[in-house]
Student: 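Sharing a structure with you now.
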2 protein chains.
Amino acid sequence: MGTNCAACHHFRKTEWAALDDAGRDRMDRVRRKCHFLPGEPIYHEGDEPTGAYCVSSGLVGIRKVDAEGESVLLRLVRPGETFGFRSFITDEAHSVSAEALTECRICRLPQAAAQPMVEGCPGLVCKFFDHLARDMRETETKVLETVKAPSRLRFLRLLVAFGATGLDGPDVDDGNEQHFELPLSRQDIASMIGVRPESMSRMIRAVQEEGLARFRGRQVEIPDPERLEIESLGESTY
Amino acid sequence: MGTNCAACHHFRKTEWAALDDAGRDRMDRVRRKCHFLPGEPIYHEGDEPTGAYCVSSGLVGIRKVDAEGESVLLRLVRPGETFGFRSFITDEAHSVSAEALTECRICRLPQAAAQPMVEGCPGLVCKFFDHLARDMRETETKVLETVKAPSRLRFLRLLVAFGATGLDGPDVDDGNEQHFELPLSRQDIASMIGVRPESMSRMIRAVQEEGLARFRGRQVEIPDPERLEIESLGESTY
DNA sequence: GGCGGGTATTGATTCAGATCAATTTCTTCG
DNA sequence: CGAAGAAATTGATCTGAATCAATACCCGCC
């Protein structure tokens with residue numbers, strides 16, 4: 001956690017790795033370390049561009065709200081990942097909001113740095129294009145799932161995904177059993193799946209009674225990850 | 001419809017407008033005009049990158065299919081718009097499929113041209129980034145709507161959107177009444193809204209009986225566009 | 001410790017939309 | 001033209017998830 005980004009152990013995995021020396025210098029000079037408490041907003045939908053962000057630690061949620069105040073949690077941003085770069089590059093207002101779901105350490109590259117940064121390094125836009133393309137793929141998949149897969153499957157898939165990536169890789173995986181933290185409130189899980197909290201509760205209980213997973217607070221245990229994965233695929237009896 | 005793109009009346013609105021003279025030359029040399037009949041596939045999910053496309057005329061549907069063969073129509077591509085550029089730029093397999101919904105004239109820039117094209121003109125990637133960012137915004141909105149808005153509202157919003165953009169702008173709008181073609185099969189409309197065809201039928205009938213719109217085949221008449229728009233917003237009785 | 005406010009669970013009921021099944025209407029083509 | 005097949009409509013029924021309404025739980029704080 002020195003003063004320069006290149007020393008950050010996330011650095012090589014971020015888009016910033018494409019920067020040349022001049023770019024890295026600029027980066028070190030203008031980026032700002034920030035700290036957010038759980039629930040704190042980072043930016044809101046409609047805000048003018050605020051810059052690009054890079055998560056050092058903690059979990060960030062990307063959310064979208066409609067006219068009636070109903071919201072969905074569109075995706076999560078984990079340590080080592082960047083976010084907010086869409087507005088950063090297109091210089092348009094944020095179309096989604098970002099919020100710290102857990103306590104977070106985050107670096108921010110202010111919007112003022114956007115033009116020089118992007119112009120000074122064409123490769124950077126390509127990297128961010130790749131990132132956006134990946135996000136797009138996942139969002140498209142989400143549309144498809146939301147429409148076609150019953151909420152139970154969506155939930156099981158979320159568990160599988162968390163089992164695979166956890167906050168940073170599987171937490172424990174001894175004797176085939178898996179244990180990890182799902183660092184989200186029930187409401188937030190519900191809003192990722194796209195159901196009401198009441199339905200979420202029932203679903204958690206049902207899944208628990210089926211023996212697919214055990215829930216104690218935010219701790220999750222998967223007795224048989226393989227079985228969970230199979231169940232998460234659906235019942236296509238080919 | 002000469003042999004060079006710059007002469008195409010869509011040209012200035014496309015991302016290719018960012019090309020320099022050398023790029024335009026290359027473009028003219030390597031792009032290929034294609035023709036598709038209604039229902040013909042242009043590329044499939046999983047296909048290796050096939051290039052970037054530009055619609056001259058007709059309507060293209062971008063679709064995604066899941067393991068069970070269920071599909072959604074994610075978005076439409078109209079004349080003057082480009083598509084397929086994600087694979088073109090990232091050089092990864094297509095993550096969605098494209099299909100001609102009506103008879104189409106389309107220009108294709110083969111994948112082999114991708115690298116030189118992109119390297120020769122950094123501004124191009126920025127343009128495509130903007131395009132992708134816009135698609136992303138719309139897809140995120142779609143997730144939110146799918147989860148929170150009842151299908152009736154989603155349908156009304158689709159009508160409003162078509163009334164506003166039609167195939168190329170409102171077709172007729174005399175004495176406040178509006179008339180346009182919805183160039184999609186009922187099944188395709190259903191798969192845009194995310195409901196079953198049976199439900200679609202019922203919904204069309206219901207909306208018709210409410211007097212919000214009249215349907216004859218693919219022709220749609222909106223007696224009172226303003227009323228439709230208000231209804232499409234939902235019943236938030238503040 | 002115990003009080004108060006948010007979060008989560010549980011229960012009873014309702015409802016939108018899916019599903020299953022049967023026609024009807026449109027297309028296409030021999 | 002008329003038959004065959006696909007697309008669309010209609011009807012009857014079922015079901016997953018929302019809604020409404022209580023209660024239980026958890027946690028910071030006086």
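Note that these values count all heavy atoms, side chains included, but never hydrogens, waters or copies made by symmetry.
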Student: Would you call R205(A) and E209(A) a salt bridge, using N to O less than 4.0 angstrom?
Tutor: yes

Student: Which residue, H94(A), H44(A), Q111(A), forms the side-chain hydrogen bond (donor to acceptor under 3.5 Å, both in side chains) with T50(A)?
Tutor: H94(A)

Student: Between Y53(A) and Y43(A), does a ring-ring contact (aromatic ring centres under 6.0 Å, His included) hold up when you go through it step by step?
Tutor: CA-CA 11 Å; Y53(A) 300 78; Y43(A) 55 76; 5.5 Å; yes

Student: Regarding R216(A) and E221(A), does a basic nitrogen lie under 4.0 Å from an acidic carboxylate oxygen?
Tutor: yes

Student: How many whole angstroms separate atom CE of M203(A) from atom P of dA17(D)?
Tutor: 7 Å

Student: Does dA16(C) have its OP1 or OP2 closer than 4.0 Å to a side-chain nitrogen or oxygen of R154(B)?
Tutor: no

Student: Does a sphere of radius 6.0 Å around CZ in R214(B) hold more than 12 heavy atoms from other residues, nucleotides or ligands, not counting ones at 6.0 Å or beyond?
Tutor: no

Student: Does a side-chain heavy-atom distance below 4.5 Å link C54(A) with H10(A)?
Tutor: no

Student: Nearest whole angstrom, please: distance from the P of dT25(C) to the CZ of R205(B).
Tutor: 13 Å

Student: May I ask you to check whether E103(A) and H35(A) show a side-chain donor-acceptor distance below 3.5 Å?
Tutor: yes

Student: Looking at F162(B), I'd like to know if the NZ or CZ of R78(B) sits under 6.0 Å from its six-membered ring centre while staying within 45 degrees of the ring's axis.
Tutor: yes

Student: Protein-nucleotides 18-24 of chain C N/O pairs closer than 3.5 Å?
Tutor:
{"unit_1": "dA18(C)", "atom_1": "OP2", "unit_2": "R196(B)", "atom_2": "N", "d": "3.4"}
{"unit_1": "dA18(C)", "atom_1": "OP2", "unit_2": "S199(B)", "atom_2": "OG", "d": "2.5"}
{"unit_1": "dT19(C)", "atom_1": "OP2", "unit_2": "R196(B)", "atom_2": "NE", "d": "3.1"}
{"unit_1": "dT19(C)", "atom_1": "O4", "unit_2": "R202(B)", "atom_2": "NH2", "d": "3.0"}
{"unit_1": "dC20(C)", "atom_1": "N4", "unit_2": "E198(B)", "atom_2": "OE2", "d": "3.4"}

Student: Between C1' on dT10(D) and CD on Q208(B), what's the gap in Å once rounded to a whole number?
Tutor: 15 Å

Student: Which part of the nucleic acid, if any, lies within reach of P197(A) when heavy atoms closer than 4.0 Å are counted: base, sugar-phosphate only, or nothing?
Tutor: nothing

Student: Could you list, one pair per line, each protein nitrogen or oxygen that sits under 3.5 Å from a nitrogen or oxygen of nucleotides 5-8 of chain D, together with the distance?
Tutor:
{"unit_1": "dA8(D)", "atom_1": "OP1", "unit_2": "R186(B)", "atom_2": "N", "d": "2.9"}
{"unit_1": "dA8(D)", "atom_1": "OP2", "unit_2": "Q187(B)", "atom_2": "N", "d": "3.4"}

Student: Which whole-number value in Å describes the distance from F215(A) CZ to dT10(C) P?
Tutor: 13 Å

Student: What is the separation between atom CZ on F155(B) and atom P on dA16(C), rounded to the nearest whole Å?
Tutor: 17 Å

